[in-house]
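Here the structure is a predicted model, which is why all the values come from computation and not from measurement.
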2 protein chains.
Amino acid sequence: MTSATADAPKPSLLELLWREAPASPRRGPRKGLTVDAVVDAAIAIADAEGLEAVTMRRIAQSLGVAPMTLYTYVPGKAELIVLMLDALYAAMPRTETTGRLWRERLAAVARDNYAMYRAHPWAAAASQTRPPLGPGQCAKYEHELRSLDDTGLSDVERDDALAYLLAFVRTAAADAARAEAERETTAMSDREWWESNGPLLAKVFDAERYPTAARVGQAAGEAHGAAFEPRHAFDFGLERTLDGLAALIER
Amino acid sequence: MTSATADAPKPSLLELLWREAPASPRRGPRKGLTVDAVVDAAIAIADAEGLEAVTMRRIAQSLGVAPMTLYTYVPGKAELIVLMLDALYAAMPRTETTGRLWRERLAAVARDNYAMYRAHPWAAAASQTRPPLGPGQCAKYEHELRSLDDTGLSDVERDDALAYLLAFVRTAAADAARAEAERETTAMSDREWWESNGPLLAKVFDAERYPTAARVGQAAGEAHGAAFEPRHAFDFGLERTLDGLAALIER
DNA sequence: GACGTACTTAGTACAATATACAACGTACGG
DNA sequence: CCGTACGTTGTATATTGTACTAAGTACGTC
């Protein structure tokens, strides 16, 4: 070991989320960037080219610095993605619904979240059930919990109900993003797929063995004009989810 | 170009799923493996060490062949994962529930799926809303659709309802797997986390600004003894999901 | 004012990934 | 019996996150 380096106390993820820099002695060259600059650059890339395009090299390039420079601002890529998500949560619009019925309020929460995920498709895949307690997440949680005021639910039930609703929206958005990405990358249209795979499927799929699957599958495909219609899945699921919560709230 | 190579017609994913090899002229050395052997080896690794441990090298090693050999049996890694999923669907147990009420039948479908995902945690993360029409998926779809017989739903509604239920189960299982993996990899227990992050959070989290979040968050944390209890989330969500479908079925 | 030291930046390096390419050997059809 | 189609494998490439090491910068202290 060269010398007893003071072993930099490297900031925790929580400190980073709240931008609580440990007030470093500010020695050495001035920082050319900020955490927000790195996070914003990463979000811009993810929005434009998807999460898989977000590499440390790519971010550094878009900021005009060397890749390793980023590690001065962020401990690693995993933490960066958490920061990106919290920034989204902080910035997303929150529909004001005071005075409306609980069902309308919850529907607005769901639609706000869905819109946010659709605007940033990478976020649906990256987000988790229990995100770290960053400022964006806290503000979001507070706002969304208020939509369950005067429902008669206990505090624990409110948390359960909100988590349930948000998990549905996240999944619906992730599925929508995946379907869209697939449609873009796959050169094949639904019609072309059937022309190329239909004959084989007809030979191999035993309609006598799977009568229900054959009938329902065809009906669903024709009804939506595609194998999977994300918007319909969201609309259908949202009504079911609100009905399910209604059974708890209006019991 | 050396010679007009016959341009091997390389099998489509659908042919592979149904094991419909195009009956090649069988020249050259005999194949030492089968598609199933590759798929089974990959599943074994995924079960034991997680999806990120499933690399072409690792599979090849466990089969005693060179990595590139696998490409004789499988076009690429993406296709292999689809094959792994369909194998799971084909092999999973399906509870027999003829004669029971629709709600019990659907609950059994949900629990079968949840058990399958918990036994193979990687599958929840890998599976998609609209999987390719492999034999496993077809058998699964047929069985699960039957649980919606005599509900009075239209064919399209049956497909919607099933997809809605399955999406819930998949998400719940994926969240459970993620929580479990996090608990294993993170050296820190919940208590340790609070001891190390509590002071900062107390300083930075404005309980006057987020009163509901503070109250509900604490209540939920105490009720479950942890930040997130996957089993409770599944039980709660399943009841809500069935209630939501009941509103459609028993209207 | 000058200097040492803490701190930012950058260059290089490494291990791991999927998979393209081409050489090698095998065994069947003629 | 031999040519050729095909299974197998070694090598190679592009890309990834990030550890390590040097180099340069500017503030706190004398």
Can you measure B:I81 atom CD1 to C:dT17 atom C1' for me and round it to whole angstrom units?
13 Å
Residue set satisfying salt bridge (Lys or Arg N to Asp or Glu O under 4.0 Å) with B:D36, at least two apart, ordered chain then number -> B:R19
Under the side chain to side chain contact (heavy atoms under 4.5 Å, CB included) test, which residues partner B:A177, sequence neighbours left out?
B:R118, B:P121
With sequence neighbours left out, the residues meeting salt bridge (Lys or Arg N to Asp or Glu O under 4.0 Å) with A:E142 are A:R146
Kindly state each residue pair satisfying salt bridge (charged side-chain N to carboxylate O under 4.0 Å, His left out) with at least one member in residues 80-91 of chain B, sequence neighbours excluded.
none
Nearest-Å distance, CZ (A:R58) to C1' (D:dT15)?
14 Å
Qualifying salt bridge (charged side-chain N to carboxylate O under 4.0 Å, His left out) pairs, either residue in residues 59-74 of chain B, two or more places apart
none
Rounded to 10°, tell me the angle between the two end axes of the helix from C:dG1-D:dC30 to C:dG30-D:dC1, each built from five pairs.
10°
Roughly, in whole Å, what's the span from OH in B:Y73 to C1' in C:dT19?
18 Å
Under the salt bridge (charged side-chain N to carboxylate O under 4.0 Å, His left out) rule, what pairs show up with a residue in residues 50-65 of chain B, not counting sequence neighbours?
B:E49-B:R58
Examine D:dT9: is either OP1 or OP2 under 4.0 Å from a nitrogen or oxygen in the side chain of B:T69? Give yes or no.
yes
Kindly assign one of parallel, tilted or perpendicular to the pair A:F205 and B:W18, based on the angle between their ring planes and the thresholds 30° and 60°.
perpendicular
According to a strict under-4.0 Å criterion, is B:T72 in side-chain N/O contact with OP1 or OP2 of D:dG7?
no
Starting from P on C:dT26, measure out to NZ on B:K31 and report it in whole angstrom.
18 Å
Please tabulate, for the side chains in residues 162-174 of chain B, all donor-acceptor contacts under 3.5 angstrom to protein atoms that are two or more places apart in sequence or on a different chain.
{"unit_1": "B:Y164", "atom_1": "OH", "unit_2": "A:Y164", "atom_2": "OH", "d": "3.3"}
{"unit_1": "B:Y164", "atom_1": "OH", "unit_2": "A:T241", "atom_2": "N", "d": "3.3"}
{"unit_1": "B:Y164", "atom_1": "OH", "unit_2": "A:T241", "atom_2": "OG1", "d": "2.7"}
{"unit_1": "B:R170", "atom_1": "NH2", "unit_2": "A:D175", "atom_2": "OD2", "d": "3.1"}
{"unit_1": "B:R170", "atom_1": "NH2", "unit_2": "B:T129", "atom_2": "OG1", "d": "3.1"}
{"unit_1": "B:T171", "atom_1": "OG1", "unit_2": "A:T171", "atom_2": "OG1", "d": "2.5"}
{"unit_1": "B:T171", "atom_1": "OG1", "unit_2": "B:A167", "atom_2": "O", "d": "2.9"}

For every nucleotide of nucleotides 16-26 of chain D, 5' to 3': is a protein heavy atom under 4.0 Å from its base (B), only from its sugar-phosphate (S), or from neither (-)?
BBBBB---BBS
